[in-house]
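In each ligand, atom 1 is the first atom listed, and ligand 1 is the first ligand listed.
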Amino acid sequence: MHFTVLTIFPEMFDPFWGHGIVRRAIENKKIFASAVNIRNYAEDRHQVTDDRPYGGGSGMVMKPEPLAAAIRDANNTLHAAKTVLLTPQGRVFNQQMARELASFEGLILVCGRYEGIDERICHDLIDYEISIGDYVITGGELAGMIIIDAVTRLIPGVLGGEEAAEKDSFSAGLLEHAHYTRPRKFEGREVPEILLSGHHQEIEKWRLESSMMRTLIKRPDLLQKKDLNRQEQAILKKWRLAIEKILKFYN
Ligand code: 4GX
């Protein structure tokens with residue numbers, strides 16, 4: 001996977017490329033990444049990338065010419081790459097979109113500042129408009145990093161075998177089960193006995209139930225959407241019976 005980021009603040013990406021799983025993916029040539037300054041494509045002496053909005057009003061708009069030149073140059077280098085604009089007006093990003101983006105050979109991420117970019121760029125040069133959520137941030141750079149992070153960890157060979165199982169939990173449509181590490185007792189709270197037992201099959205059952213309980217309590221919308229297998233249906237049935245037993249006292 002090749003990532004090219006177009007931004008007026010390419011230095012923001014230096015620490016991002018330089019840490020953790022993204023860094024390891026670059027070192028192992030699983031991904032190729034660079035941040036390119038849109039200013040390099042401005043033709044005037046002061047390399048201006050923004051201008052006042054037609055129709056008046058406050059704020060600035062990113063000029064179309066430098067952006068168009070930057071996108072076209074990136075596209076000539078990355079044959080068959082898709083272009084992504086980070087914008088609050090885009091489709092709200094989720095794991096399924098991360099999977100779709102991970103299937104492409106290259107992504108060109110366009111990070112806007114100010115009030116946004118000239119509308120004519122969106123129409124002619126952008127394949128996907130993506131939002132990372134319904135809130136406003138000051139530029140597309142942080143949004144771009146989130147997309148790159150979520151996509152990178154889906155690329156084969158990026159996560160080790162240990163980590164790779166982890167990424168399945170959301171694909172399975174459930175939240176992760178609870179996690180514990182040493183010590184056995186922390187501030188009066190004990191680790192669930194079953195996790196110390198060494199009974200792998202029982203531990204897997206406990207973890208599935210933990211996943212389902214957390215999803216029910218914290219994100220019932222996810223549980224509603226999910227296709228449940230036999231084992232998961234059995235767990236819900238067990239809970240229903242337990243709740244019905246309690247409710248009988250109140251009838
Ligand atoms: N998810 N912002 C982008 C400037 C802008 C506006 C329109 C292009 C078109 C955001 C988000 C986000 C604020 C980044 C406005 N650029 N980006 N910026 N939420 O809020 O992605």
Determine whether Leu241 and Leu216 fall in the same hydrophobic cluster, where Ile, Leu, Val, Met, Phe, Trp and Tyr are linked whenever their side-chain heavy atoms lie under 4.5 Å apart.
-> no
What protein heavy atom sits nearest atom 6 (C) of ligand 1, and how far off is it?
-> Gly116 CA, 3.4 Å
Only one of Lys218, Arg219, Gln224 passes side chain to side chain donor-acceptor pair (under 3.5 Å) with Asp221; say which it is.
-> Arg219
Counting N and O atoms only, with roles assigned by atom type, does the side chain of Thr152 sit under 3.5 Å from a partner on the main chain of Ile148, one being a donor and the other an acceptor?
-> yes
For atom 12 (C) of ligand 1, which protein heavy atom lies nearest, and how many Å away is it?
-> Ile137 CG1, 3.4 Å
Options Gly112, Ser131, Gly144, Cys122, ranked by nearest heavy atom to atom 18 (N) of ligand 1, top entry | Gly112
Can you sort out which atoms of ligand 1 are near Gly140, meaning under 4.0 Å from one of its heavy atoms?
-> 3 (C), 14 (C)
Consider only side-chain N and O atoms of Tyr41 and Glu65, and report whether a donor and an acceptor are under 3.5 Å apart.
-> no
Numbered atoms of ligand 1 (with element) below 4.0 Å of Gly139, judged on heavy atoms = 14 (C)
Is the shortest N/O to N/O distance between Ile132 and ligand 1 below 3.5 Å?
-> yes
By number and element, which atoms of ligand 1 are closer than 4.0 Å to a non-hydrogen atom of Gly133?
-> 19 (N)
Report yes or no: do Glu129 and Thr87 form a side-chain donor-acceptor pair below 3.5 Å?
-> no
Quick one: does Ile117 get an N or O within less than 3.5 Å of an N or O on ligand 1?
-> no
What part of Ala143, side chain from CB on, backbone N/CA/C/O, both or neither, has a heavy atom under 4.0 Å from ligand 1?
-> side chain
4.5 Å side-chain heavy-atom contact, Ile108 and Lys82 | no
Count the heavy atoms of every other residue, nucleotide or ligand shown that sit under 6.0 Å from CZ of Arg99, and state whether that count exceeds 12.
-> yes
Please state whether Tyr114 comes within less than 4.0 angstrom of ligand 1, counting heavy atoms only.
-> yes
Could you label the plane-to-plane angle of the Phe32 and His2 rings as parallel, tilted or perpendicular, counting under 30° as parallel and over 60° as perpendicular?
-> parallel
Run the numbers for me: atoms of ligand 1, each under 4.0 Å from some heavy atom of Tyr135, listed by number.
-> 19 (N), 20 (O)
Report yes if the side chains of Arg72 and Leu125 come closer than 4.5 Å at any heavy-atom pair, otherwise no.
-> yes
Got the closest protein heavy atom to atom 17 (N) of ligand 1, with its distance?
-> Thr87 N, 3.6 Å
Glu115 to ligand 1, any heavy atom closer than 4.0 Å | yes
Run the numbers for me: atoms of ligand 1, each under 4.0 Å from some heavy atom of Val136, listed by number.
-> 20 (O)
